[in-house]
There are 4 protein chains.
Amino acid sequence: MTNQNNPKYTGVIPPVLTPRTAEGTIDTVGLDAIVEHLINGGVSGLFVLGSSGEVPYLTTAERDAVLSQIVAINAGRVPVLVGACEQTTARVIDEGARLIGLGADALVVTTPFYAISNGPEIEAHFTAIHDALKVDIFAYDVPVRTHHKLPVDVAVRLAESGAIVGVKDSSGDDVSFRQLLLATKHVPGFSVFTGHEVVVDGALLGGAHGVVPGLGNVDPAGYRRLFDLAQQGEWAQAAAEQDRLARVFDIVHTPDSSRVSPGAAGLGAFKTALVELGVIASNTMSAPMVSLNEAEAAQIREILAETGLLAVAAK
Amino acid sequence: MTNQNNPKYTGVIPPVLTPRTAEGTIDTVGLDAIVEHLINGGVSGLFVLGSSGEVPYLTTAERDAVLSQIVAINAGRVPVLVGACEQTTARVIDEGARLIGLGADALVVTTPFYAISNGPEIEAHFTAIHDALKVDIFAYDVPVRTHHKLPVDVAVRLAESGAIVGVKDSSGDDVSFRQLLLATKHVPGFSVFTGHEVVVDGALLGGAHGVVPGLGNVDPAGYRRLFDLAQQGEWAQAAAEQDRLARVFDIVHTPDSSRVSPGAAGLGAFKTALVELGVIASNTMSAPMVSLNEAEAAQIREILAETGLLAVAAK
Amino acid sequence: MTNQNNPKYTGVIPPVLTPRTAEGTIDTVGLDAIVEHLINGGVSGLFVLGSSGEVPYLTTAERDAVLSQIVAINAGRVPVLVGACEQTTARVIDEGARLIGLGADALVVTTPFYAISNGPEIEAHFTAIHDALKVDIFAYDVPVRTHHKLPVDVAVRLAESGAIVGVKDSSGDDVSFRQLLLATKHVPGFSVFTGHEVVVDGALLGGAHGVVPGLGNVDPAGYRRLFDLAQQGEWAQAAAEQDRLARVFDIVHTPDSSRVSPGAAGLGAFKTALVELGVIASNTMSAPMVSLNEAEAAQIREILAETGLLAVAAK
Amino acid sequence: MTNQNNPKYTGVIPPVLTPRTAEGTIDTVGLDAIVEHLINGGVSGLFVLGSSGEVPYLTTAERDAVLSQIVAINAGRVPVLVGACEQTTARVIDEGARLIGLGADALVVTTPFYAISNGPEIEAHFTAIHDALKVDIFAYDVPVRTHHKLPVDVAVRLAESGAIVGVKDSSGDDVSFRQLLLATKHVPGFSVFTGHEVVVDGALLGGAHGVVPGLGNVDPAGYRRLFDLAQQGEWAQAAAEQDRLARVFDIVHTPDSSRVSPGAAGLGAFKTALVELGVIASNTMSAPMVSLNEAEAAQIREILAETGLLAVAAK
């Protein structure tokens, strides 16, 4: 609740979606619009090339184009964190060096994936990347994708050594999240962010410094309100705002699971919501993911209307 | 936070440990002492024959003896819930009928295990058990043991039909927990309890009605304080109490994992703490689980002293 | 291939299905018919109360009735192995003592389930059961149900100590299966059986002593032919017979997975095939499992006809 | 056993290890030596940049250097297959185009990883890659790394459409392997290879066309003998050779698991064996993996001596 350790990063730092035109190319106009939508909503940073930004589906050229575009439109207003999404240490260093060269302020790095590692390798991985690049690094704990949980003891040692400045926790393990908060509250400047959308109130009550919500693309102002209420100790109101956001989050359950993959469902719902809100023009997904259809969009409109984000649900 | 739906069960209902003598028989004196320790600590119910009560290790005769003993010593002071820990529907009905006959007030029932089921079978399972026994049933969602998550939509339908009066959620999935809270808050009398020890403040903030903490055997008064603070809206103090309890919970990390199984570590730590607190005489585990040794007990004493539960750590 | 260690158990020992009448009671007439069908097919033993026998769904009274019936009809013609399907050591001992008392020749015992154990506990588990009951014990390795793989080193030590006389491997881990074969071939009388249906030829080539095929209820003579061909070193013909049986096994893929659970699909297909073959009268499953419908039965008839088990597919 | 469908690829195609000097750079002299060792051993192809080649740890520059070196030293003697190890479709196409440009004859492609996909996306993934590159593509089924099993029905459709010319199965699921063999034996030119080391005899008996054994780096001649014996129908001798190779494979169990990760253990053992056999000069692993130490090397020498690969174990 109180940031006794003076964390460098706090607040709402959403993982920025990567819009595509109906033809499938990067939608640069839409990218600018999303950035303005987010900054107007009160975010304190932008996380570019995250899972929600479809980073595993983007070619290297597309990754560079997206980052450059956002760095330019942001123009230094908020910090830009960027995902260096590569399999292991040496490849992350190459990827990270290139992305930092394009203007990012900090890197977001996962545990190794495809590789089959262990705790000591994970610790060496982050240490080597920080030694090579000397930039702020957030450890991104997302075992549903990497299949290696970032162990709490490793995270604490990396925090204490300065190899990482924070953790973005998308592990879904709220017990280890609390343990990480308790074990790092003495580390000056260190930040722990939750990557979840629907238990942010509890995370903040437990001492989290911020949130990286994919749903923050749809309702950045809602997450900013939730964060501010928590900072003010207005917990009952924070919980009520969280409940409203949890209802907005139901848009991710609208896609037909026989047609849309688990990876495409949530991101497709976020993109479709941004189309309905008039922020972007198309909900096209990166191939081979399929886009949501009109029936799914209609359900999303209902939810956006019910939660106050759309004036009327009918189109 | 507020119990708008007037739940029948609320507060702290710990899963009662089953003490054994050094010779391995059920320690009936210790069982009485634990019950008094819990009721003195302010619990609102007793959950007998849960995982923390080592139910899978108890013979049928032992299960009956433990329940009968607790029903007698409790003498109606608080409701007694009992686990009917069996593989599938017909076996749960047999087990439940016998346990209700011994004086339990309500049953705690998991999804089928060893069997490989699906959503419709899980729904039919709970419905058939309630139809057969006509008693209060808590669904116990513990996929780490049953390997079947209770689906939220199934739980909601069972709540609405009256087949279950509550859910004890030990799933570790805080997102589905919040969704369950939101989806059942309109069901009169229905309760959602968290089975976790270290994020109870957040669960209560999100609307949970109570907690079933294994650690509540060690510090029932601490969990009662946390619950009361939450009821009073004193969230910052609730979080501080939770942080203290999270530190107490570190006792579960003291056992040597090369020697003690994951199943025995936490329960062994709880039993050892009760020995150190003078509640019971032996930390003996059900075979084939091994008991904690003196080195592990020494670490536990340190933690109990540091968190105010023991006057001095030295023995 | 050659049984240099003179194993006590060899050949085809199918897990006997438990037929139910359309009303859901145990079908004793059908049970007798299945036993005759199996013995006529050339099986070398009967495994009663296995997963294929729906053991987790049977009440204790039903388990006893099924075993007693089979012991009586078998009348000592082949060994009767029986599953003591209980959660942990003390409960298995109680269950096993009762079942041995009803006339079984040997017990089939899994690693603990619902409990969360480790290697040493698993070793102590089997040792304690053998010490208590002094009967032949097969370790049944079925991690898809117990969620604990029987470690190869533990199995080898249990074989060497005499605590177990064999392993039924349904782990799906063909590498550890081969390692187990190599590591136990020096143990006099020890048997390693595969629990799989479609790679029995390779298992026998690698030195397996027998097979426990659920599909053996449908085509016991086919598995006996496969076993005999392997014994004679006629490997090409054995592989061809296996290929035919693999096609028969496709009956397990006929159920609609939106309606029938994974646990019910295979067993339901086996029961339906026995109805089509005229061995039993009803394909009724234990509640809450659903039975296969006529559309699914029609597909099964096609496969039985195509593989030579039914004269004509049309009904 | 018999290749009725006239497969384009057959025999032993090992995943070529990538040796590093003690300083950690690519050991080009060692790379040449491994290629000669393999071709002298009778392999029918080289699989470069596979998991055993440490592909996830190699930078793009290193990947290119390794492939170019092997293409040059091979000089067209056997086909060169190369792994295009990237997260999703568009990235695989970029990677594959570059690698084919360097002289590879065919690509080896996994299901998407890091991404969370489903069956239709996996099918679209392979189809799009083949449409873009028009080269021979092997689907590499390795769920322990990608966490998505290649579904049998998807593989069959891809085989029939010509999008893939074969499957390298490292899934550890021998049942689906047999089903794939049966379901594709009508597809002209199609190949199914097993990626396992210790059940190759059974796989070949079931109709597999070849093997991609990491252990083939250590004993290529042994795998060639096994393959030839199977082709000749000398199954008992094939099984005996497989048993010897299974004993050689025990070198992967020598590393201390508290020090060496699961990913590093097997590859480190293969490299160490090649040092002991005099093929390469150093067993250095790609960072952050640790290399095997002298104690582990000593155990490996024992096994190599016992299995006839080293004249004497003492060093």
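Each chain gets a letter, A, B and so on, in the order the sequences are listed, and its residues count up from 1.
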Q: After noting the C-alpha distance and the side-chain angles of F113(D) and Q87(A), does the key distance pass the side chain to side chain contact (heavy atoms under 4.5 Å, CB included) rule?
A: CA-CA 10 Å; F113(D) 55 89; Q87(A) 301 160 41; 3.9 Å; yes
Q: Of the listed residues (E121(D), E62(D), H125(D), R259(D)), which shares the most heavy-atom pairs with chain A below a 4.5 Å separation?
A: E121(D)
Q: Mind listing the closest non-hydrogen atom pair of N118(A) and P262(D) along with its distance?
A: CB-CD, 4.5 Å
Q: Ignoring hydrogens and angles, tell me if any N or O in the side chain of T88(D) forms a donor-acceptor pair with the backbone of P56(A) under 3.5 Å.
A: yes
Q: Taking atom OG1 of T146(A) and atom OH of Y114(D), what is their separation to the nearest 0.5 Å?
A: 7.5 Å
Q: Compare every heavy atom of S261(D) with every heavy atom of S117(A), then report the nearest pair and how far apart it is.
A: C-CB, 3.9 Å
Q: At a 4.5 Å cut-off on heavy atoms, which part of A128(D) comes close to chain A: side chain, backbone, both, or neither?
A: neither
Q: Heavy-atom distances under 4.5 Å only: say whether T59(D) touches chain A with side chain, backbone, both or neither.
A: both
Q: Would you mind telling me which of P120(A), A61(A), A115(A), S51(A) has the largest number of heavy-atom pairs within less than 4.5 Å of chain D?
A: A115(A)
Q: Would you mind checking which part of L58(D) comes under 4.5 Å of any heavy atom in chain A, side chain (CB onward), backbone (N, CA, C, O), both or neither?
A: backbone
Q: According to side-chain contact (heavy atoms from CB on, under 4.5 Å), who are the partners of T60(D), at least two apart in sequence or on a separate chain?
A: R91(A), D64(D), R98(D)
Q: At a 4.5 Å cut-off on heavy atoms, which part of V142(D) comes close to chain A: side chain, backbone, both, or neither?
A: side chain
Q: Could you check whether the rings of H147(A) and H147(D) sit parallel, tilted or perpendicular, using 30° and 60° as the cut-offs?
A: parallel
Q: Tell me, out of A264(A), C85(A), P112(A), who's got the most heavy-atom pairs with chain D below 4.5 Å.
A: C85(A)
